[in-house]
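Values below: every heavy atom of this structure, side chains too, minus hydrogens, waters and symmetry copies.
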Amino acid sequence: MTTKKTIFLFLFTNVIFLYSSFAQNYSAIDKIVLKYPKSFNTTEDLAERIEKDFDSEHDKARAIYSWIAFNIKYDYAAFLKPQKTQGFSYRNEAEKQKKIQQLNDKMIQSAFQSKKAVCEGFTVLYEHLANLVGLKCEVIRGDSKTRLVDIGRQDLNSNHAWNMVLIDKKWRLIDVTWGQGYYDSNKGRMVNDFSSVYFDTDPDYFFTKHFPDSGTYLGNKLNKEDFLNGPLLYNKAIEGDHKIKEPESGVIEAKNGEKITFLIKNISKSDQFYYLNKRNQPVKISNGKERKGGLEFQIIFDKNIGDYITFFLDTNSIVSFKVDMK
């Protein structure tokens, strides 16, 4: 009897107008970890250093996140040419689990020693280090929402992996793969750009971009349609708590000349807030009203609007919607 160990891969996809840039904002924990060696002899050595420097569960979990994000790079070449899935046979459940652990151990050491991995390598390394410092941690596999074409698609895919870690008796959501950087399609290479936004992410934001294979989170069922049909949020939206209150769907169905109302949290009339039209020209939002802790405004949907509409705050993309002109 044979089973296959699937390697879950994740591709960072963006275009010139869609990447949300950040000024580096390191926490006190990050600054300490930045002084660590880029390489340790063993994962146990790294875990001992973290335990020596940090006491709380939160600080240990953040230190692991930071070290991996600073030092492990996304292996884009491996994504383009993935290795064949590795199968094995087993006689009983105990032997099956032992062989799976052997595969995981190999993946952990590969990521730790080569300093390169795809998302599965990031997550099993995070889980391994968390366990070494006494934290309970799990690897979660599921779908990810990263591209414009993901808005309104019909089916779920199992294409990504992330972690949950128990901190102070509460499960926290972590995606260290996304914390280390992104793929710049214009330069054709990975860009190292540390972000803390995917450490202990608010579940309301996290599950707009992630959907677990189980369809549940802590026993509660998640809404698949909300995930598939919701708008595409960018890092800046999460960082600035820019929740989308209107419209509810990421797929906007409009007739030519129809006005659609938007309401986005934590944006004011004085902000440089705009969208790009079909010709990639910026169109400033000038009819906004401050309401319910955000900015309410209307857009007339006509031939100047393309297949997607993306809103920007200063130079940072906030959210994209798919446009279906009737």
Side-chain angles (χ1 to χ4, degrees), residues 6-21 74 76 79-80 82 118-120 122-123 140-162 173 175 177-186 190-191 195 197-198 201-217 221-239 242-244 246-254 260 262 264 275-276 278 280 301 305-312 316-325:
T6 303
I7 304 299
F8 291 87
L9 302 175
F10 171 73
L11 172 61
F12 299 88
T13 307
N14 68 89
V15 296
I16 189 168
F17 295 114
L18 301 185
Y19 174 64
S20 294
S21 60
Y74 189 82
Y76 187 58
F79 171 82
L80 293 177
V118 292
C119 65
E120 185 82 352
F122 278 89
T123 54
I140 309 297
R141 299 173 178 88
D143 199 348
S144 62
K145 191 170 187 174
T146 63
R147 306 170 301 161
L148 292 175
V149 294
D150 288 331
I151 306 172
R153 59 180 159 88
Q154 299 300 308
D155 300 312
L156 292 171
N157 301 303
S158 192
N159 59 14
H160 191 38
W162 57 92
L173 294 160
D175 190 337
T177 311
W178 290 8
Q180 66 85 44
Y182 65 98
Y183 177 73
D184 188 323
S185 59
N186 298 291
M190 296 299 301
V191 175
S195 171
V197 74
Y198 293 106
T201 313
D202 182 336
D204 286 346
Y205 283 117
F206 197 87
F207 291 117
T208 65
K209 298 176 74 68
H210 303 74
F211 196 89
D213 287 342
S214 67
T216 62
Y217 171 61
K221 188 174 182 179
L222 299 173
N223 192 305
K224 181 179 75 171
E225 284 69 31
D226 285 349
F227 170 78
L228 291 172
N229 296 321
L232 177 61
L233 295 183
Y234 301 97
N235 291 5
K236 192 66 177 180
I238 303 173
E239 184 191 50
H242 299 300
K243 284 189 174 143
I244 314 304
E246 293 183 48
E248 292 184 357
S249 176
V251 181
I252 297 174
E253 297 182 350
I260 301 295
F262 296 82
I264 302 179
Y275 67 93
L276 298 178
K278 201 172 188 177
N280 282 332
F301 280 74
I305 303 293
D307 294 333
Y308 300 92
I309 184 169
T310 298
F311 293 101
F312 296 81
N316 301 298
S317 47
I318 298 295
V319 61
S320 292
F321 295 85
K322 181 180 180 180
V323 179
D324 184 7
M325 295 293 289

**Report entry** Test: Lys224 and Asp155 ion pair at under 4.0 Å
**Finding:**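 No, this pair does not count.
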Query - Tyr205: side chain to side chain donor-acceptor pair (under 3.5 Å) partners, not counting sequence neighbours - result: Asp241
Report task. Tell me, please, which residues at least two apart from Phe262 pass ring-ring contact (aromatic ring centres under 6.0 Å, His included). Result -> Phe297, Phe311, Phe321
So, taking the atom named [atom1] in [X] and the one named [atom2] in [Y], what distance separates them when rounded to the nearest 0.5 Å?
X	Y	atom1	atom2	value
Ile318	Glu239	CD1	CD	9.0 Å
Phe227	Asp143	CZ	CG	4.0 Å
Asp202	Ile238	CG	CD1	9.0 Å
Leu233	Phe206	CG	CZ	13.0 Å
Gln154	Asn229	CD	CG	7.5 Å
Asp175	Thr123	CG	OG1	9.0 Å

Query raised in the report: After noting the C-alpha distance and the side-chain angles of Ser144 and Thr146, does the key distance pass the side chain to side chain donor-acceptor pair (under 3.5 Å) rule?
Result: CA-CA 6 Å; Ser144 62; Thr146 63; 5.0 Å; no
Query raised in the report: Quick one: does Asp226's side chain have a donor or acceptor within less than 3.5 Å of a partner on Asn223's backbone?
Result: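 Absent.
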**Report entry** Val197 backbone acceptor or donor facing Thr201 side chain under 3.5 Å
**Finding:** yes
Please examine the side chains of [Y] and [X], heavy atoms only from C-beta on, and report whether any two atoms are closer than 4.5 Å.
X	Y	result
Leu156	Leu228	yes
Glu248	Ile244	no
Val323	Tyr308	no
Arg141	Trp162	no
Ser320	Ile309	no

Where do [X] and [Y] come nearest, in terms of heavy atoms and distance?
X	Y	value
Cys119	Ala161	SG-N, 3.6 Å
Val251	Gly152	CG2-CA, 3.8 Å
Pro231	Ser249	CD-C, 4.3 Å
Tyr234	Val319	CD1-N, 3.6 Å
Gly142	Asp213	CA-OD1, 3.1 Å
Gly230	Ile151	O-CG2, 3.6 Å

Query - Verdict with supporting geometry, Tyr275 and Phe312, ring pair (Phe, Tyr, Trp, His ring centres under 6.0 Å) - result: CA-CA 6 Å; Tyr275 67 93; Phe312 296 81; 9.5 Å; no
Query raised in the report: Can you check whether Phe207 and Tyr217 have ring centres sitting under 6.0 Å from each other?
Result: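 For Phe207 and Tyr217, the ring centres are under 6.0 Å apart.
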Report task. Show your working on side chain to side chain contact (heavy atoms under 4.5 Å, CB included) between Gln180 and Tyr198 and close with a plain yes or no. Result -> CA-CA 10 Å; Gln180 66 85 44; Tyr198 293 106; over 6 Å; no
Requested in this report: Report the C-alpha distance between Thr177 and His160 in whole Å, list the side-chain angles of each, state the deciding distance to 0.1 Å, and finish with yes or no for side chain to side chain contact (heavy atoms under 4.5 Å, CB included).
Outcome: CA-CA 10 Å; Thr177 311; His160 191 38; 4.2 Å; yes
Query raised in the report: Should Asp324 and Ile252 be marked as a side chain to side chain contact (heavy atoms under 4.5 Å, CB included) after you check the CA-CA gap, both sets of side-chain angles, and the distance that decides it?
Result: CA-CA 6 Å; Asp324 184 7; Ile252 297 174; over 6 Å; no
Query raised in the report: Checking side chain to side chain contact (heavy atoms under 4.5 Å, CB included) for the pair Lys145/Leu232: CA distance, chi angles, key distance, verdict?
Result: CA-CA 7 Å; Lys145 191 170 187 174; Leu232 177 61; 4.1 Å; yes
